[in-house]
Amino acid sequence: MTTSTEAPAKATGDELRAQVREAASRAREAAAAIAGLTRADKDALLHDMADALVRRAPEIIAANDRDVTAARDAGTAEGLIDRLVLTEQRVAGMADGLRTVAGLPDPVGEVVRGSTLPNGLRLQQVRVPMGVVGIVYEGRPNVTVDAAGLTLKAGDAVLLRGSSSAEASNTALVGVLGDVLREHGLPADAVQLLPCHDRASVRHLITARGLVDLVIPRGGAGLIAAVVEEATVPAIETGTGNCHVYVDASADLDTALRILLNSKARRTSVCNAAENLLVHESIAAEFLPRALAELDAAGVTVHGDERVVAAGGANVVPATEQDWDTEYLSLDIAVAVVGSLPEAVAHIRAHGSGHTEAIVATDVRATQAFTSQVDAAAVMVNASTAFTDGGEFGMGAEIGISTQKLHARGPMGLTELTSTKWLVFGDGHVRPSS
């Protein structure tokens, strides 16, 4: 296995398995060093990493240019290339993300709960680092920095298994972060890249029980399903974003248009972008023409049901059954007219991914019904789906958005990268024989 400052070597079979497990073993040793850092130590490390990213932005962007050129030569869709591209502004944004994380409270050592038992034993449940965290993700090199910053602040080491499409970018970024770790007298193995040209490296990572404490997949539905279904290491499902905006009969239509356009067209390649619009039939005649015109002006193709197609528009095509379940990640949206709020909720239950759902309404009874009946990690009331984001929630850069219900749900920040342990304080206590 190569060091964290070099591109991982290609390997197959037993050799690849050995490389991944050796990297995990080194990460476990490094995690012990990171776990012992004070908050001041960790914050200084993150600030120096941020400064180094900005200072070395030209070499990072040069490496990224190689990835982008290769992606375009391979015919990669522009929406996916947008996720891959790094600019000076985006590198500066990653650096700012590290500084934001440095400014957040350190969860390690926080007392979650405690009590004194009748026998005098004092109990405390405290937050501790998770240990070694594996992140499996696709072509978004910013995840490399976000994951490193959050795991280090939480006292963890991280194993990064990125996409081959971002190999040069990720190698450059990890090289910068590793150099700063060494400057602080810390093991660069706290942030490592795993081989990315063979999918078997993912399997070896997610089955490294005893070496890896948690795996988090970030990416498309296929990647997430493969990790969750095959992992023997505990895994947190970060689901795809088939997000809905429901415009209720009581909605202010100007507000609904602003929220719709921001949810759909602000940035199409992110998981919190709206992929479905549901419109109550009582306001459809007034709202649909305005919504279709605004979506058309934004370049959005509408995949509509019969009533939407009947409303007309050059940008409207008939929807198929598959459209209701599609995370487009492009300038496309599926639109349906519903007869009631319960019908909207039923549609979301049938087709939603449990990520983010939004209602636009002025009727408090409608919003209360929607928020209580819709099962999702985040439910927006008169707000864009785009707000489901760790930074927007005040967590700093996020590690992902969890759509499962155990341990973590919604944007995952520092707290979700820790575990807990019980401290028990006695005074020579022994348990009586039963």
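Counting heavy atoms from C-beta outward, Asp106 and Lys42 have side chains that approach closer than 4.5 Å. In this structure, Asp43 and Lys153 have side chains that are in contact, with non-hydrogen atoms separated by less than 4.5 Å. Contact of the His355 side chain with the Asn242 side chain is not registered, since no non-hydrogen atoms from C-beta on lie closer than 4.5 Å. Counting only heavy atoms from C-beta outward, the side chains of Arg66 and Glu167 never approach each other to under 4.5 Å. Side-chain atoms of Leu160 and Leu194, non-hydrogen and from C-beta on, never get closer than 4.5 Å to each other. Counting heavy atoms from C-beta on, the side chains of Leu223 and Glu138 come closer than 4.5 Å. The shortest side-chain heavy-atom distance between Cys243 and Glu275 does not fall under the 4.5 Å cut-off. Side chains of Val108 and Pro129 form a contact here, defined as non-hydrogen atoms less than 4.5 Å apart.
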*Going through the checks in order, is the side-chain contact (heavy atoms from CB on, under 4.5 Å) test met by Ile236 and Gln404?*
CA-CA 7 Å; Ile236 291 180; Gln404 51 92 74; 4.0 Å; yes
*Please report the C-alpha distance between Asp179 and Arg56 in whole Å, then the side-chain angles of each, then the deciding distance to 0.1 Å, and finally whether the salt bridge (Lys or Arg N to Asp or Glu O under 4.0 Å) criterion is met.*
CA-CA 12 Å; Asp179 287 346; Arg56 296 172 64 177; 2.8 Å; yes
*Can you check side-chain contact (heavy atoms from CB on, under 4.5 Å) on Glu237 and Ile224, steps first, answer last?*
CA-CA 7 Å; Glu237 184 171 356; Ile224 294 166; 3.5 Å; yes
_Walk me through whether Asp67 and Ser165 qualify under side-chain contact (heavy atoms from CB on, under 4.5 Å)._
CA-CA 6 Å; Asp67 289 331; Ser165 64; over 6 Å; no
_Let's go through Val316 and Val308 carefully: what are the C-alpha distance in whole Å and the side-chain angles of both, what is the deciding distance for side-chain contact (heavy atoms from CB on, under 4.5 Å) to 0.1 Å, and is it a yes or a no?_
CA-CA 8 Å; Val316 181; Val308 175; 4.2 Å; yes
_Audit row: Lys405, Asp375, salt bridge (Lys or Arg N to Asp or Glu O under 4.0 Å) steps and yes/no_ = CA-CA 10 Å; Lys405 300 183 183 182; Asp375 186 14; 2.9 Å; yes
_Evaluation steps, side chain to side chain donor-acceptor pair (under 3.5 Å), between His351 and Asn276_ = CA-CA 10 Å; His351 303 288; Asn276 279 260; over 6 Å; no
*List the steps, then state whether salt bridge (Lys or Arg N to Asp or Glu O under 4.0 Å) holds for Arg99 with Asp96.*
CA-CA 5 Å; Arg99 297 186 184 103; Asp96 287 342; 2.9 Å; yes
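A donor-acceptor pair shorter than 3.5 Å cannot be found between the side chains of Asp156 and Thr151. Using a 3.5 Å distance cut-off with no hydrogens or angles, the side chains of Asn64 and Ser169 do pair a donor with an acceptor.
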Would you be so kind as to tabulate the donor-acceptor pairs closer than 3.5 Å made by side chains of residues 413-427, with sequence neighbours excluded?
residue, atom, partner, partner atom, Å
Glu416, OE1, Gly413, N, 2.8
Thr418, OG1, Thr415, O, 2.7
Thr420, OG1, Gln125, NE2, 3.0

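Checking side-chain atoms of His244 against main-chain N and O of Leu278 turns up no donor-acceptor pair under 3.5 Å. Judged by distance alone, the side chain of Asp198 and the main-chain N or O of Ser201 form no donor-acceptor pair under 3.5 Å. The main-chain N or O of Gly114 is never found under 3.5 Å from a side-chain atom of Gln124 such that the two would form a donor-acceptor pair. With hydrogens and angles ignored, the 3.5 Å screen pairs a side-chain donor or acceptor of Asn272 with a backbone N or O of Thr388. Between the side chain of Arg209 and the main chain of Thr232, a donor-acceptor pair closer than 3.5 Å is present. No side-chain donor-acceptor contact under 3.5 Å links Asp189 to the backbone of Ala30. Using a distance-only test at 3.5 Å, with no hydrogens or angles considered, a donor-acceptor pair links the side chain of Ser402 to the main chain of Ala408. In terms of modelled atom types and a separation under 3.5 Å, the side chain of Asp41 and the main chain of Thr38 share a donor-acceptor contact. Not one N or O on the side chain of Arg21 forms a donor-acceptor pair closer than 3.5 Å with the backbone of His204. The backbone N or O of Thr385 lies less than 3.5 Å from a partner atom in the side chain of Ser263, making a donor-acceptor pair.
Here the options are Thr144, Asp146, Asn142, the test is side-chain hydrogen bond (donor to acceptor under 3.5 Å, both in side chains), and the partner is Tyr137; only Thr144 passes.
By the side-chain contact (heavy atoms from CB on, under 4.5 Å) test, Asp296 is found to be paired with Asn315, residues two or more places apart in sequence or in another chain being considered. Residues satisfying the side-chain contact (heavy atoms from CB on, under 4.5 Å) criterion with Thr76, sequence neighbours excluded, are Ala71, Ala74, Leu80, Ile81.
Heavy-atom neighbours of Arg266 CZ from other residues, nucleotides or ligands within 6.0 Å: at or below the threshold of 12. Atom CD of Glu110 has more than 12 neighbouring heavy atoms from other residues, nucleotides or ligands inside a 6.0 Å radius.
With rounding to the nearest 0.5 angstrom, the CD atom of Gln192 is 5.5 Å from the CG atom of Leu159. From Ile135, atom CD1 reaches atom CG of Leu150 across 9.0 Å, with rounding to the nearest 0.5 Å. Separating the OG atom in Ser330 from the CD atom in Glu327 is a distance of 10.0 Å, to the nearest 0.5 Å. Atom CE of Met94 is separated from atom CD of Gln89 by 11.5 Å, given to the nearest 0.5 angstrom. For the atom pair CZ of Arg267 and CG of Leu329, the computed distance is 11.0 Å after rounding to the nearest 0.5 Å. Rounding to the nearest 0.5 angstrom, the gap separating the CZ atom in Arg182 from the CG atom in Leu186 is 11.0 Å.
The two residues Ala31 and Val132 have their closest heavy-atom pair at CB-CG2, 4.2 Å. In plain terms, the two heavy atoms of Ala172 and Ala63 that are nearest each other are CB-CB, 3.8 Å. Shown here for Asp323 and Ala334, the closest heavy-atom pair between the two residues is O-CB, 3.9 Å. Scanning all heavy atoms of the two residues, the minimum distance from Val338 to Ala344 falls at CG2-CB, 4.1 Å. When all heavy atoms of Ile401 and Cys271 are compared, the closest pair comes out as CD1-SG, 4.0 Å. The shortest heavy-atom contact between Gly149 and Leu98 is CA-CD2, 3.5 Å.
Between Trp324 and His347, the ring-plane angle classifies as perpendicular under the 30° and 60° cut-offs.
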